[in-house]
> 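I have a structure I would like to understand better, so I am pasting it below and will then ask my questions one at a time.
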Amino acid sequence: MKLVTAVIKPYQLDAVKEALHALGVAGLTVSEVQGYGRQKGHTEVYRGAEYTVEFLPKIKVEVLTDEIDVEKIVDAIVGASRTGKIGDGKVWVTSIDEVVRVRTGERGLDAL
Amino acid sequence: MKLVTAVIKPYQLDAVKEALHALGVAGLTVSEVQGYGRQKGHTEVYRGAEYTVEFLPKIKVEVLTDEIDVEKIVDAIVGASRTGKIGDGKVWVTSIDEVVRVRTGERGLDAL
Amino acid sequence: MKLVTAVIKPYQLDAVKEALHALGVAGLTVSEVQGYGRQKGHTEVYRGAEYTVEFLPKIKVEVLTDEIDVEKIVDAIVGASRTGKIGDGKVWVTSIDEVVRVRTGERGLDAL
Ligand SMILES: Nc1ncnc2c1ncn2[C@@H]1O[C@H](COP(=O)(O)OP(=O)(O)OP(=O)(O)O)[C@@H](O)[C@H]1O
Ligand SMILES: Nc1ncnc2c1ncn2[C@@H]1O[C@H](COP(=O)(O)OP(=O)(O)OP(=O)(O)O)[C@@H](O)[C@H]1O
Ligand SMILES: Nc1ncnc2c1ncn2[C@@H]1O[C@H](COP(=O)(O)OP(=O)(O)OP(=O)(O)O)[C@@H](O)[C@H]1O
Ligand SMILES: [Mg+2]
Ligand SMILES: [Mg+2]
Ligand SMILES: [Mg+2]
């Protein structure tokens, strides 16, 4: 199993959610984070205003998935969150040893 | 070393904390997240009210541990966070290359 | 590629940011978390006051990096976040399968 993590622009969350839903992705977890990439100290546009602050609000999206679906999930997230402007985000993939569904105790792919 | 991550119902945090304490787990990190699982779009009860919203508040719990304790930590979290209702949560395990205690610089199992 | 994760005292974030900047680290992601380590139930000083509460506010810092830079990044974070007092924090390293820059679609080391 794999965990796909994405840090995206907040207003791209709906597009990402819909793209994942269209793929049949069953669940996801989101959280509020702040960050910067390679343009630290340069301006980035957020809600129509230019910022030179270092940290900008971003949303972290996490999706647990069968390894077989990783590429299409990464592609869906990248496609849906791309605006073409700097700060669009980063997606990364981590290997997961085990997953458990709390309600049923199911493990592995059955827990997804 | 391993990292056990759980996304649970907020009001189960105390039970999880106590179950981990009973196992002698030394530390943990929690954060506020939002999420949905397989019943996206269906109703789920939160604080006595039914919600059809997609995202519900959850708590993420993270525990760094020696590999030898992973199974009992997973079982303790699953046991303590289970209510039997949908949305009870998900637990997953990731392999960790290295851990460091900042104050002392200790590494590996000594850092836990 | 690797992900270096640190949970540090909030007022050490600026020092960590500067230490990483001095190393040429291009980006990072931070979030608010709460946690405790081995002194759960004992007092820890936060903003000049002593707390016996279990959870204290911490900042989680995440840095995606080339494997070759992991040790110097870990050392920089540990050095910059150490005050010598309990609760200084924990740093851990996870292996990452893949990274993608959303704007360009670049993958692997090019995406960092
Ligand atoms: N090396 C990194 N480690 C951890 N998080 C990162 C890293 N780089 C970027 N991020 C996170 O991803 C967010 C978006 O980064 P961003 O899209 O600006 O990356 P970038 O490499 O600078 O690409 P671009 O040139 O398109 O802006 C940042 O705000 C930060 O939260
Ligand atoms: N595939 C997933 N990827 C990432 N996070 C997930 C995933 N599935 C569930 N989660 C997280 O776990 C939380 C709880 O999920 P939930 O217990 O509803 O899982 P489920 O598989 O739908 O099980 P159940 O049928 O018991 O409801 C979600 O709110 C979400 O934060
Ligand atoms: N085993 C653990 N699992 C997950 N998070 C942890 C763990 N131990 C510590 N943390 C996180 O790191 C933060 C700082 O921990 P802390 O520095 O108190 O570790 P410690 O091992 O008790 O070291 P010290 O003796 O120097 O206090 C905690 O508030 C918590 O968020
Ligand atoms: Mg950038
Ligand atoms: Mg569910
Ligand atoms: Mg401590």
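Convention: sequence-line order gives letters A, B, ...; per-chain numbering from 1.
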> Side chain, backbone, both or neither: which part of B:E71 has an atom under 4.5 Å from a heavy atom of chain A?
side chain
> Counting only heavy atoms closer than 4.5 Å, note whether A:E62 contacts chain B via side chain, backbone, both or neither.
side chain
> With a 4.5 angstrom heavy-atom cut-off, which part of B:V4 approaches chain A: side chain, backbone, both or neither?
neither
> Tell me whether B:R82 contacts the main-chain N or O of A:R103 through its side chain, where contact means a donor paired with an acceptor under 3.5 Å.
yes
> Is any side-chain heavy atom of A:V102 less than 4.5 Å from a side-chain heavy atom of B:V91?
yes
> For the CG atom of A:L64 and the CH2 atom of B:W92, what is their distance to the nearest 0.5 Å?
5.0 Å
> Within the structure provided, determine whether B:Y36 and A:T29 are in side-chain contact (heavy-atom separation under 4.5 Å).
no
> Under 4.0 Å between a Lys/Arg side-chain N and an Asp/Glu carboxylate O for B:R38 and A:D110?
no
> Would you mind reporting whether B:V74 and A:V100 have side-chain heavy atoms less than 4.5 Å apart?
yes
> Please classify the contact of B:V7 with chain A as side chain, backbone, both or neither, using a heavy-atom distance under 4.5 Å.
side chain
> Take a 6.0 Å sphere around CD of A:E67 and say whether it holds more than 12 heavy atoms from other residues, nucleotides or ligands.
no
> Looking at A:K60, A:R107, A:E32, A:M1, which makes the most heavy-atom pairs under 4.5 Å with chain B?
A:R107
> Scan side-chain atoms only and decide if A:D97 and B:T94 contain a donor-acceptor pair under the 3.5 Å cut-off.
no
> So do the side chains of B:K90 and A:R101 get within less than 4.5 Å of each other, counting heavy atoms only?
yes
> Determine the option with the most heavy-atom pairs under 4.5 angstrom with chain B, choosing from A:I96, A:L112, A:T104.
A:I96
